[in-house]
Amino acid sequence: MSETNVLIGPPGPVRVITLNRPATLNSFTAAMHAELMPALDAAAADASVRAVVLTGAGRAFCAGQDLGDVDMSGGPGAIDAGIVIERHYRPLATRVRTMPVPVIAAVNGVAAGAGANLALCCDFVIAARSASFIQAFSKIGLIPDCGGTWLLPRLVGRARALGLAMTGDKLPAEEAERIGLIWRCVDDAALMDTVNALAARLAAMPSKALAETRRALDEAMPLDFGAAIGLEARVQGELSRGHDFSEGVAAFLAKRTPVFEDR
Ligand code: T3D
């Protein structure tokens with residue numbers, strides 16, 4: 001690993017990507033975005049990678065936008081945060097949510113602002129018991145971004161989404177698990193073992209089917225029941241023509257472990 005804004009773990013089926021600006025709680029600068037996107041793109045393009053883990057160095061996961069990296073020199077009214085979203089946060093959130101393999105956020109500490117919503121973009125969020133989630137935006141006069149407006153009500157319902165977003169209160173990891181915002185909260189010492197075990201398990205599963213499961217669940221959300229079944233028929237038709245379906249069935253019948261390869 002080299003000392004950069006983003007650390008990339010060793011080669012293998014599980015690619016660990018670590019946000020590495022611990023002095024400012026791994027908050028996002030343009031430079032960190034410029035390293036994170038290629039790291040995710042490289043993981044997506046590498047057929048040997050079958051699961052991705054996102055985590056943070058030091059005591060935080062990510063404190064969102066580095067507020068010192070926002071150019072306020074033009075004074076009030078001169079800045080357009082929408083441009084920052086289009087330039088950095090839309091590509092980042094879209095990249096994570098369209099990865100060809102499952103993505104796990106290992107939330108080792110506080111996740112605030114876009115950092116919280118980056119975690120929520122991942123397929124699984126596993127948080128250390130000492131971690132917390134903060135929709136910090138309202139405190140600086142903004143709304144949730146990095147997909148937060150879409151994700152929050154879908155994960156926890158409108159009432160809780162509004163409460164979290166309007167108050168900007170700190171939500172402890174245990175409570176985040178209880179209300180369904182995240183997958184699991186575990187003891188701090190167990191975080192990486194839990195994440196690594198899940199990542200290894202997912203890495204041995206049929207990646208393409210997992211990525212299509214994510215896509216189908218999201219796309220079915222606004223559909224009526226009949227249209228959702230139509231979507232299922234279309235996706236299932238495609239998957240059933242792939243290698244992994246034949247392999248899964250053959251392995252089941254032969255009582256052996258399947259070896260999946262579609263991506
Ligand atoms: O234009 C656009 O870019 C729009 C995009 C917006 C996307 C967003 O993410 S907006 C939300 C930005 N994030 C925040 O508002 C969170 C700000 N941080 C905090 O509220 C707190 O730091 C935390 C609650 C996350 C953690 O509190 P605590 O007490 O554990 O730590 P701390 O002492 O506040 O922070 C430690 C250091 O990190 C400190 O630096 P220092 O004093 O030791 O030199 C602090 O300034 C720095 N830090 C923390 N968060 C940020 C940050 N520096 C820059 N930007 C941050 N977001």
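Along the sequence shown, residues are numbered consecutively beginning with 1.
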Problem - Audit row: Arg97, Trp150, side chain to side chain contact (heavy atoms under 4.5 Å, CB included) steps and yes/no - result: CA-CA 12 Å; Arg97 289 185 63 81; Trp150 192 91; 3.4 Å; yes

Exercise for the section: Would you sort out whether Val49 and Arg263 count as a side chain to side chain contact (heavy atoms under 4.5 Å, CB included), showing the intermediate values? Expected result: CA-CA 10 Å; Val49 173; Arg263 219 157 170 280; 4.1 Å; yes

Handout entry: Test log, rule side chain to side chain contact (heavy atoms under 4.5 Å, CB included), inputs Asn108 and Leu191
Key = CA-CA 7 Å; Asn108 51 303; Leu191 178 66; 3.9 Å; yes

Problem - Arg50 and Ser207: CA distance, side-chain angles, deciding distance, side-chain hydrogen bond (donor to acceptor under 3.5 Å, both in side chains) verdict - result: CA-CA 7 Å; Arg50 300 185 59 86; Ser207 302; 3.2 Å; yes

Practice task
Could you walk me through whether Tyr89 and Gln65 pass side chain to side chain contact (heavy atoms under 4.5 Å, CB included), step by step?
Solution key: CA-CA 10 Å; Tyr89 291 105; Gln65 173 66 34; 2.7 Å; yes

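Sparse packing is recorded around CZ of Arg184, with 12 or fewer heavy atoms of other residues, nucleotides or ligands lying under 6.0 Å away. Counting heavy-atom neighbours within 6.0 Å of Arg90 CZ, excluding the residue itself, gives a total of 12 or less. In the displayed structure, Arg158 atom CZ is contacted under 6.0 Å by at most 12 heavy atoms of other residues, nucleotides or ligands.
The CD atom of Glu212 sits 11.0 Å away from atom CG of Leu217, with the distance rounded to the nearest 0.5 Å. Interatomic distance, NE2 of His88 versus OG1 of Thr29, reported as 8.5 Å (0.5 Å rounding). Distance check: Gln135 CD to Thr149 OG1 gives 10.0 Å after rounding to the nearest 0.5 Å. How far OG1 of Thr213 is from CE of Met205: 8.5 Å, rounded to the nearest 0.5 Å. If you take CG on Leu181 and CG on Leu151, they are separated by 9.0 Å, rounding to the nearest 0.5 Å. Here the straight-line distance linking atom OG of Ser130 with atom CZ of Arg59 works out to 10.5 Å at 0.5 Å rounding.
The minimum heavy-atom distance between Thr24 and Ser27, with the atom names listed, is O-OG, 2.9 Å. Residue Asn5 comes nearest to Met32 through the heavy atom pair O-SD, 3.6 Å, listed as atom of the first residue, atom of the second, then distance. The shortest heavy-atom contact between Ala203 and Val14 is CB-CG2, 4.3 Å. The two atoms that bring Met99 and Ala43 nearest to each other are CE-CB, 4.0 Å, heavy atoms only. In this structure, Gly168 and Ser138 approach most closely via the heavy-atom pair N-OG, 3.8 Å. For Asp244 against Asp262, the heavy-atom pair with the smallest separation is N-OD2, 2.9 Å.
Taking 4.5 Å as the limit, every side-chain heavy atom of Asp123 sits out of range of all side-chain heavy atoms of Trp183. Ile182 places none of its side-chain heavy atoms less than 4.5 Å from the side chain of Ile126. By the 4.5 Å heavy-atom criterion applied to side chains, Val53 and Thr18 are not counted as neighbours. No side-chain heavy atom of Phe61 sits less than 4.5 Å from a side-chain heavy atom of Asn26. At a threshold of 4.5 Å between non-hydrogen side-chain atoms, the residues Val101 and Leu210 do not count as touching.
Ring centroid separation for the pair His33 and Phe28 comes in under the 6.0 Å cut-off.
Met72 belongs to a hydrophobic cluster whose other members, connected by ILVMFWY side-chain contacts under 4.5 Å either directly or through intermediates, are Val70, Ile79.
Taking a cutoff of 4.0 Å between a charged side-chain nitrogen and a carboxylate oxygen, Glu175 and Lys170 do not qualify as a salt bridge. Between Arg154 and Asp218 no salt bridge is recorded (no basic side-chain N to carboxylate O distance below 4.0 Å). A salt bridge is absent between Arg129 and Glu177; no separation between the charged side-chain nitrogens and carboxylate oxygens falls under 4.0 Å. Using a cut-off of 4.0 Å between Lys/Arg side-chain N and Asp/Glu carboxylate O, Asp66 and Arg21 are scored as salt-bridged.
Note on Ile8 and Met37: same hydrophobic cluster, where clusters join Ile, Leu, Val, Met, Phe, Trp and Tyr whose side-chain heavy atoms are under 4.5 Å apart, directly or indirectly. Under the 4.5 Å side-chain heavy-atom criterion for grouping Ile, Leu, Val, Met, Phe, Trp and Tyr, Leu19 is connected to Val96 within one hydrophobic cluster. In the hydrophobic clustering of ILVMFWY residues, with side-chain heavy atoms under 4.5 Å counting as a link, Val110 and Val107 come out apart. Put simply, Leu171 and Leu162 are part of two different groups of oily side chains (I, L, V, M, F, W, Y) that touch within less than 4.5 Å, one to the next. Side-chain heavy atoms closer than 4.5 Å link hydrophobic residues (I, L, V, M, F, W, Y) into clusters, and following such links, possibly through other members, connects Leu155 to Leu152.
Within the 3.5 Å criterion, the main-chain N or O of Phe260 finds no donor-acceptor partner in the side chain of Glu247. Judged purely by atom type and a 3.5 angstrom limit, Arg241 uses its side chain to pair as donor or acceptor with the backbone of Gly237. Judged by distance alone, the side chain of Asn196 and the main-chain N or O of Met192 form a donor-acceptor pair under 3.5 Å.
Of the residues listed (Leu40, Asn117, Ile85), the one engaging Leu92 in a side chain to side chain contact (heavy atoms under 4.5 Å, CB included) is Leu40, and it is the only one. Tested against Leu54 for a side chain to side chain contact (heavy atoms under 4.5 Å, CB included), the candidates Val16, Ile104, Leu36 yield a single pass: Leu36.
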